[in-house]
Amino acid sequence: MGVKIGELIERRVELKLSDLSGRKIALDAFNAMYQFLAKVRQPDGTPLMTSRGEITSVHSGMFYRTANLLKEGIIPIYVFDGEKPVFKSRAIEERARAREEAEVKWKEALEEGDIEEARKYAQAALNLTEEMVEDCKTILRLMGLPVVQAPSEGEAQAAYMASKGDVWAAASQDYDSLLFGAPRLVRNLAITGRRKLPGKDAYVDVNPELIELEDLLRSNGITREQLIMIGILVGTDYNLGGVKGIGVRRALELVKRYGPEDLFSKVPWDFEFDPLSIYEFFLNPPKSDNYETALSKPRSNELLKFMVEEHEFSEERVRKVILEIEEAYRTFAGGGLESWF
DNA sequence: CCGGTATA
DNA sequence: TATACCGGG
């Protein structure tokens with residue numbers, strides 16, 4: 001979901017994947033995994049599964065996309081969520097309830113034979129399991145990539161790594177990393193440039209885009225502190241829906257007139273957690289300096305075994321992708337691209 | 001989502 | 001060469 005500040009962004013620099021070649025990018029791993037779980041499905045919403053009924057949509061997305069990024073010379077550094085912040089509990093409960101409802105409606109739509117409806121609810125019923133998360137970490141390690149464990153929110157950790165310059169940018173579909181202080185955010189970091197419009201039977205071209213924090217702040221005449229306040233007014237993962245009756249327009253005026261204490265005391269607040277503590281969290285979230293961004297080597301045989309024997313991927317396809325991964329390591333790791341190491 | 005093949 | 005369509009697990 002994420003913070004709803006999209007309207008504030010005037011400049012979105014369209015990128016080609018090759019523009020990112022040779023760069024390290026910190027990816028919000030949970031964001032990516034949820035996307036795979038939602039999108040890697042049959043038309044009626046049934047996910048990819050092994051013969052034992054274990055969902056493999058996430059494995060498929062993680063494996064093929066990551067290989068593609070490597071092929072482009074991009075070094076993906078996946079950052080995994082750690083402990084959930086206490087004030088996320090309400091949002092987590094609400095989403096769990098929404099998922100259960102969606103699951104029921106999915107089954108109903110399937111029985112009625114309404115494929116479009118079924119898919120819609122199937123995508124809302126997704127449930128990322130601990131096992132899927134661990135499997136993704138395994139796939140990445142076997143590809144020779146580092147796995148970064150955030151103490152709390154992955155986006156916060158990714159933003160921190162970008163602000164230190166250990167990676168060039170943070171990548172996510174959500175805008176939260178900007179509030180967490182990422183100087184650069186890359187959205188739509190994927191290969192396929194076409195995306196189905198929800199509901200309609202139409203497609204649009206979607207390319208990777210770059211959003212620069214400095215740009216966003218300057219064009220709106222605000223500081224990061226004020227951006228965080230706007231986020232809290234219009235709604236974040238910690239206060240879904242935001243303050244009633246306040247959209248980005250009014251929020252922008254308000255933050256230019258009041259500091260955080262004044263602002264939050266004037267505004268009707270019906271969430272259980274104090275807005276100031278949410279503000280402090282965005283400003284200075286838990287983060288770790290104890291992480292690795294260096295590549296090791298792909299462990300091709302183990303990777304092949306893991307994908308084919310444990311998750312029933314086609315041996316022919318996996319072998320082909322692994323050859324491409326090895327070639328990427330040879331090409332870029334030896335080819336004078338500093339940032340690979 | 002991604003890969004591969006059909007189609008033109 | 002570009003786009004449509006389908007199967008993957």
Side-chain angles (χ1 to χ4, degrees), chain A residues 2 15-18 20 25 27-74 76 78 106 110 115-116 118-129 131-140 142-143 145 171-174 186-209 303-328:
Chain A
L15 298 175
K16 288 169 295 175
L17 226 46
S18 56
L20 298 171
I25 310 284
L27 289 97
D28 178 356
F30 273 62
N31 189 272
M33 289 186 291
Y34 271 110
Q35 231 124 51
F36 296 141
L37 199 48
K39 298 289 172 77
V40 184
R41 285 166 188 252
Q42 293 172 343
D44 69 353
T46 309
L48 298 189
M49 280 181 293
T50 64
S51 58
R52 302 183 295 276
E54 295 154 345
I55 294 175
T56 52
S57 296
V58 186
H59 310 65
S60 175
M62 189 60 84
F63 179 68
Y64 290 115
R65 176 177 294 177
T66 305
N68 271 328
L69 294 175
L70 287 168
K71 218 159 48 168
E72 287 289 339
I74 300 168
Y78 285 91
W106 176 25
L110 272 181
I115 287 178
E116 288 280 315
R119 188 183 176 87
K120 195 174 84 186
Y121 288 118
Q123 290 189 161
L126 22 121
N127 232 338
L128 197 64
T129 67
E131 205 179 349
M132 294 176 194
V133 175
E134 289 311 309
D135 283 350
C136 282
K137 291 179 180 174
T138 299
I139 289 169
L140 294 171
L142 293 180
M143 283 183 165
L145 293 168
S172 172
Q173 288 308 99
D174 295 343
V186 175
R187 298 182 73 241
N188 307 332
L189 185 61
I191 308 306
T192 302
R194 272 163 72 257
R195 183 164 304 168
K196 192 181 180 303
L197 254 35
K200 284 276 189 286
D201 203 15
Y203 290 84
V204 283
D205 268 356
V206 180
N207 293 304
E209 66 182 18
L303 181 55
L304 182 70
K305 259 184 85 169
F306 189 74
M307 297 307 288
V308 174
E309 289 177 22
E310 301 216 9
H311 300 290
E312 300 180 357
F313 280 64
S314 137
E315 175 163 355
E316 195 190 9
R317 275 201 190 189
V318 173
R319 274 189 189 283
K320 192 178 169 220
V321 172
I322 288 177
L323 285 178
E324 290 170 347
I325 294 169
E326 289 176 340
E327 189 181 340

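Computed from heavy atoms alone, side chains included, the values below leave out hydrogens, waters and symmetry copies. Treat the numbers as computed from the prediction; the structure is a model and nothing was measured. In what follows, chains are A, B, ... by sequence order, proteins preceding strands, each numbered from 1.
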- Query: Which part of the nucleic acid, if any, lies within reach of P47(A) when heavy atoms closer than 4.0 Å are counted: base, sugar-phosphate only, or nothing?
  - Reply: base
- Looking at every strand, decide which applies to S314(A) at a 4.0 Å heavy-atom threshold: base, sugar-phosphate, or nothing. sugar-phosphate
- Separation of dC1(B) P from Q42(A) CD (nearest whole Å): 16 Å
- CG of L37(A) versus C1' of dC2(B): gap in Å, rounded? 16 Å
- Can you tell me the distance, in whole Å, between the CG atom of N68(A) and the C1' atom of dC1(B)? 11 Å
- Query: Does a side-chain heavy-atom distance below 4.5 Å link V40(A) with P47(A)?
  - Reply: no
- Query: Across the strands shown, which category fits S60(A) at heavy-atom distances under 4.0 angstrom: base, sugar-phosphate, nothing?
  - Reply: base
- Task: Look at R65(A) and dC2(B) and indicate whether a side-chain polar atom (N or O) is within less than 4.0 Å of OP1 or OP2.
- Result: yes
- Message: Are D44(A) and R119(A) packed together at the side-chain level, in the sense that at least one heavy-atom pair is separated by less than 4.5 angstrom?
- Response: no
- Could you check how far CG of L69(A) sits from C1' of dC1(B), rounded to whole Å? 12 Å
- Query: Nearest of dC1(B), dG4(B), dG9(C) to any side-chain atom of F313(A)?
  - Reply: dG9(C)
- Task: Measure the distance from NZ on K39(A) to C1' on dG9(C) and round it to the nearest whole Å.
- Result: 20 Å
- Task: Indicate yes or no: at least one non-hydrogen side-chain atom of I55(A) is less than 4.5 angstrom from one of N127(A).
- Result: no
- Please report, rounded to the nearest Å, how far the P atom of dG8(C) is from the CZ atom of R319(A). 20 Å
- Starting at atom CD of E312(A), determine the distance to atom P of dG7(C), rounded to an integer number of angstrom. 19 Å
- Query: Atom CE of M132(A) and atom P of dC1(B): how far apart are they, to the nearest Å?
  - Reply: 18 Å
- Message: If you define the side chain from C-beta out and look only at heavy atoms, does anything of Y78(A) sit under 4.5 Å from K137(A)?
- Response: no
- Relative to the ring of F313(A), is the ring of Y64(A) parallel (under 30°), tilted (30 to 60°) or perpendicular (over 60°)? tilted
- Query: NA contact type, H59(A), heavy-atom cut-off 4.0 Å: base, sugar-phosphate, or nothing?
  - Reply: nothing
- What nucleotide, of dC2(B), dG4(B), dG9(C), holds the atom closest to the side chain of A190(A)? dC2(B)
